Amino acid sequence: MSRLVLIDGSSYLYRAFHALPPLTGPDGSPTGALFGVVNMLRATLKEQPDYAAFVVDASGPTFRDEMYPAYKANRPPMPDDLRAQIEPMLAIVQALGIPLLRVPGVEADDVIGTLALQARSKGIPVLISTGDKDFAQLVRPGITLVNTMTGTVMDEAGVQEKFGVRPDQVVDLLALMGDTVDNVPGVDKCGPKTAAKWLAEYGSLEGVMAAAGDIKGKIGENLRAALDRLPLNKRLVTIKTDVELEQGPEDLRPRPRDVAALRELYRRYGFNAALRDLEAGNGEGSGRRTPPGPSALAGETAEAPAEGLAAPGAYECITDRKALEAWLERLRDAPLIAMDTETDSLDPMRARLVGLSFAVEPGEACYVPVGHDYPGVPAQLDREWVLEALRPVLEDPDRPKLGQHGKYDLHVLRRHGVQVRGYAEDSMLESFVWNAGGQRHDMDTLAQKYLGYQTVKYEQVAGKGAKQIPFSAVSLEDAARYAAEDADITLRLHRVLSEKLAGEPRLMSVYRDIEMPLVPVLARMEAKGVLVDAEELRRQSEDLGRRMLAAQQRAHEIAGRAFNLDSPRQLGALLFDELKLPALVKTPTGAPSTNEEALEAIADQHELPRLVLEYRGLAKLRNTYTDKLPEMVNPDTGRVHTSYHQAGAATGRLSSNDPNLQNIPIRTEDGRRIRTAFIAPPGRKMVACDYSQIELRIMAHLSGDEGLLRAFESGQDIHRATAAEVFGLPLEEVSADQRRAAKAINFGLMYGMGAWGLARQLGIGRGEAQDYIALYFSRYPGVRDYMDRVRQQARELGYVETVFGRRLQLQEIHSRNAAQRAGAERAAINAPMQGTAADIIKRAMVSVDAWLQQHGDRADMLLQVHDELVFEADADFVDTLLAEVRRRMAGAAELRVPLVVDVGVGANWDEAH
DNA sequence: GTCGATACGTAC
DNA sequence: GACGTACGTATCGACG
């Protein structure tokens with residue numbers, strides 16, 4: 001049957017450019033993108049389509065620019081290295097005999113759309129080869145999409161599955177979502193999920209617009225704000241299918257290739273594999289080994305296009321000793337080993353090793369299964385034997401290793417008896433340091449962003465939800481495809497990201513001198529865990545439970561009926577509808593809030609609000625802490641092992657989860673009691689060391705404000721000193737209220753708070769709050785100048801940075817939305833202080849750990865809570881520890897103010913404060 | 001049963 | 001809308 005293949009040349013050129021390492025030809029000219037495209041074309045031709053066209057954008061404006069002058073205004077200019085590859089690409093396309101189309105005034109998309117519909121009307125099946133999701137709107141019987149980079153084929157069912165809408169709804173979906181790359185703003189906060197939901201409900205864009213008044217919440221407001229531009233969006237994203245063309249589908253027969261011209265071109269650009277095939281007289285792409293990935297075209301198993309793009313590479317599944325030894329040889333010779341482990345659990349403290357993968361060159365990776373277990377599983381190498389064989393490499397500090405979130409793999413291997421040394425690079429942390437604004441740093445996201453590559457998802461091999469199977473039950477074939485890709489992609493990501501970091505010495509230093517050395521330190525803290533008195537917590541749970549029940553019964557009594565105290569909605573209905581109490585606070589969606597502030601405000605008018613507050617406080621402690629922590633005790637170690645997320649907070653802070661040990665209560669009596677359950681074992685003590693007012697000290701340092709610096713140098717209570725300065729009083733005459741106000745200002749400023757917030761915080765009028773702030777700035781003019789400088793820098797550079805050079809990108813600093821922009825400005829104010837504090841304590845941790853490592857088992861670092869480090873130490877070692885930790889924490893940075901460290905010792909965490 | 005959004009509250 | 005950074009629990013409605 002005849003068939004038309006339409007190739008979206010621009011899309012592949014861009015993707016290949018970003019996906020492949022910056023290769024160069026024999027003469028040094030850039031060839032990376034060219035290489036990818038050529039391999040893709042050779043694979044396509046091997047399928048011998050009857051009709052084909054390579055479509056690229058012509059230069060000059062199109063009808064879309066006339067419709068919307070800002071169209072694609074965000075696009076950075078084409079990199080020179082890419083521009084240089086266009087002419088060679090077109091020459092190769094010509095030599096291969098593929099018809100080339102460039103039509104001025106429209107985009108390549110429109111040419112493809114028109115040809116696709118023409119062919120379909122003549123009964124010619126059409127395959128559109130592209131990496132651009134917008135083409136999903138053209139899918140219908142007879143028109144299919146294929147992405148040779150990811151090997152995915154998309155028909156109508158595929159569109160429905162991927163986008164959740166029918167192909168004819170895709171333009172509506174795209175109009176709602178907008179397209180940041182093309183500078184077409186959609187509905188704010190409306191992604192594919194929300195857009196698909198609306199379209200499912202209202203059928204079309206017009207239906208959604210008509211129903212805009214009924215859509216609740218902030219997203220509804222965003223929709224209403226965007227109504228005006230949606231029709232234009234739709235016209236912009238709609239691919240034209242009625243362009244006047246000189247050629248019809250039947251004019252697009254491939255010509256015979258020009259062997260002499262190809263030989264010359266391949267030779268010039270150093271495409272040796274292609275040249276070999278050409279000289280061997282093979283059809284394009286033949287003679288290569290079968291890749292493990294899905295096929296590029298038509299669903300049958302295609303051959304790998306040389307070292308190319310369509311398939312991820314040559315992946316080997318190792319099940320015999322000889323093969324492993326051959327790979328060991330490669331690992332020993334490699335300058336850097338990309339590695340990854342596969343296990344049966346996400347919990348690194350429980351996970352059992354199922355397999356390991358390695359890569360040393362992009363596109364070449366192996367998977368060593370050691371724990372697959374399903375009926376009919378082929379023979380695998382013995383786990384112990386494999387680990388013994390790998391041990392010399394993995395434990396050698398002089399053989400650098402690379403991973404993606406390698407802390408996890410370090411844990412797994414340690415628990416299987418291998419102490420990894422020389423863990424030198426981590427692509428997750430490279431990405432985090434390179435761009436800590438907003439996005440996630442998981443491999444799938446990074447592969448998409450930096451390589452333009454869609455990885456095989458875990459769900460694709462192991463399923464999800466109830467149907468998920470452990471990785472040990474995944475077939476060796478699927479596992480090898482997935483796992484080897486992980487190592488391969490990690491290596492490719494590292495090549496891209498390390499290059500970027502190399503051009504920014506300060507960022508490189510954050511990565512090299514702070515983040516990477518911290519990895520094994522965190523791993524040790526997590527592995528050690530903290531001892532928790534589960535019995536004590538159970539007793540507290542019982543006590544809390546009794547008091548909750550009493551509060552609940554009393555609340556139901558007063559209400560005159562039973563209701564769910566845990567349901568804000570039911571509570572709101574009772575308080576504000578039935579009892580007619582005033583609703584003084586609104587939630588972000590506009591509903592009356594029942595939060596603490598709202599209830600406090602009406603607590604003098606009715607008994608119920610106070611009881612609800614009582615109940616809430618008790619329920620929080622029990623549900624979140626006293627009930628849960630005992631469940632988190634690891635049966636093997638008898639301790640609780642949190643995980644620290646090193647790329648979690650955009651400012652550079654760590655975060656803690658499973659369980660979160662960075663938000664254990666301290667402010668209330670009942671809450672603090674939970675800390676008594678964090679204990680030291682017999683013969684040991686808990687030791688807590690925290691930085692005193694570190695962020696305010698950093699504000700003094702960064703602003704250089706004389707008054708603030710003096711206040712810290714005096715060594716006085718900083719809030720009292722601030723109050724004395726602001727109110728023009730001697731220290732001893734500062735009243736409690738004045739100190740409270742000064743404290744609120746000190747903290748509020750660091751968070752970018754305005755008069756409105758301060759007034760609310762202090763329960764005073766807005767005018768009075770504004771006066772306080774003005775007074776503060778008049779006494780500390782350096783602080784105001786600093787804040788102005790930071791906002792300025794954020795606007796000019798799009799990022800702010802810490803003392804050590806860590807950057808936070810602030811995408812929304814130029815948002816058209818005033819609230820978003822204001823939010824970004826507040827983040828800009830806060831990030832240098834919060835981030836510098838994070839840098840400092842991270843440096844301190846590395847330093848303290850290095851010292852602890854020299855002292856065997858006398859003490860262990862257990863926890864980090866942003867400005868505090870918690871240790872467990874032999875009782876007779878406590879004094880030594882205190883002196884050294886103080887010294888190293890205080891010495892972790894040289895600022896214009898001293899860093900002061902407060903310490904405490906006790907039998908439990910509460911006493912250590 | 002699972003998932004995502006919303007509300008709330010804990011820490012620094 | 002109004003104070004920065006996190007994580008966890010409960011409810012509730014949608015979905016299969």
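Note on naming: letters A, B, ... go to the chains in the order of the sequence lines (proteins, then strands), and numbering restarts at 1 for each one. Fair warning: this is a prediction, and the values are worked out from it, not measured in the lab.
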Counting the atoms with a prime plus P, OP1 and OP2 as sugar-phosphate, which does [X] contact under 4.0 Å by heavy atoms, base, sugar-phosphate, or nothing?
X: A/Lys628; answer: sugar-phosphate
X: A/Glu868; answer: nothing
X: A/Tyr625; answer: sugar-phosphate
X: A/Arg569; answer: sugar-phosphate
X: A/Ile829; answer: nothing
X: A/Glu695; answer: nothing
X: A/Gly748; answer: nothing

Opposite nucleotide pairing with B/dG1, Watson-Crick or G-U, both atom distances under 3.5 Å:
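Base-paired to C/dC15.
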
Rounding to an integer number of Å, can you tell me how far [X] [atom1] sits from [N] [atom2]?
X: A/Met632; N: C/dC7; atom1: CE; atom2: P; answer: 14 Å
X: A/Lys193; N: C/dC15; atom1: NZ; atom2: C1'; answer: 13 Å
X: A/Asp566; N: B/dA7; atom1: CG; atom2: P; answer: 16 Å
X: A/Ile773; N: C/dC3; atom1: CD1; atom2: P; answer: 10 Å
X: A/Ile694; N: C/dT5; atom1: CD1; atom2: P; answer: 19 Å
X: A/Gln570; N: C/dG13; atom1: CD; atom2: P; answer: 10 Å

Of all the choices, [options], which nucleotide is nearest to the side chain of [X] once you look at every atom?
X: A/Arg616; options: C/dC7, B/dG9, C/dC3; answer: B/dG9
X: A/Asn663; options: C/dG4, C/dT5, B/dA11; answer: B/dA11
X: A/Ala650; options: C/dC3, B/dA7, C/dA6; answer: C/dA6
X: A/Thr651; options: C/dT5, B/dC8, C/dG4; answer: C/dT5
X: A/Ala591; options: C/dC7, C/dT5, B/dA7; answer: B/dA7
X: A/Lys620; options: B/dC12, C/dA2, B/dG9; answer: B/dG9
X: A/Ala827; options: C/dT11, B/dC8, C/dG4; answer: C/dG4
X: A/Asn657; options: C/dG8, B/dC12, B/dA11; answer: C/dG8

Below 4.0 Å: OP1/OP2 of [N] and any side-chain N or O of [X]:
X: A/Arg653; N: C/dT5; result: no
X: A/Arg667; N: B/dT10; result: no
X: A/Thr624; N: C/dG8; result: no
X: A/Ser567; N: C/dC12; result: yes
X: A/Thr589; N: B/dA7; result: yes

Modelled atom types, side-chain donor and acceptor of A/Ser541 and A/Asp627, under 3.5 Å
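On atom types as modelled, these side chains qualify, holding a pair under 3.5 Å.
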
Hey, can you tell me if A/Trp909 and A/Phe678 have their rings parallel, tilted or perpendicular (30° and 60° cut-offs)?
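It falls in the perpendicular class, over 60°.
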
Parallel, tilted or perpendicular for A/Phe432 and A/His441, by the 30°/60° rule?
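Judged by the thresholds at 30° and 60°, the geometry between A/Phe432 and A/His441 is perpendicular.
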
Does A/Asn623 make a side-chain donor-acceptor contact with the base of C/dT9, cut-off 3.5 Å?
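Counting by modelled atom types and ignoring angles, no donor-acceptor contact under 3.5 Å is found here.
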
Assuming nearest nucleotide by heavy-atom distance, tell me which of A/Glu221 and A/His645 is located more 5' along DNA chain C.
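Going by which nucleotide is closer to the 5' end, it is A/Glu221.
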
Using a strict threshold of under 4.0 Å (side-chain N to carboxylate O), is an ion pair present between [Y] and [X]?
X: A/Glu536; Y: A/Arg673; answer: no
X: A/Glu695; Y: A/Arg653; answer: yes
X: A/Arg843; Y: A/Asp839; answer: no

What integer number of Å spans the P atoms of B/dG4 and C/dC3?
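The answer is 31 Å between these two P atoms.
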
Write down the distance separating the P atoms in C/dG1 and B/dT6, rounded off to the nearest Å.
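Between the two P atoms, the distance is 13 Å.
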
At their closest point, which heavy atom of A/Lys842 faces which heavy atom of A/Arg806, and how far apart are they?
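It is NZ-NH2, 3.6 Å.
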
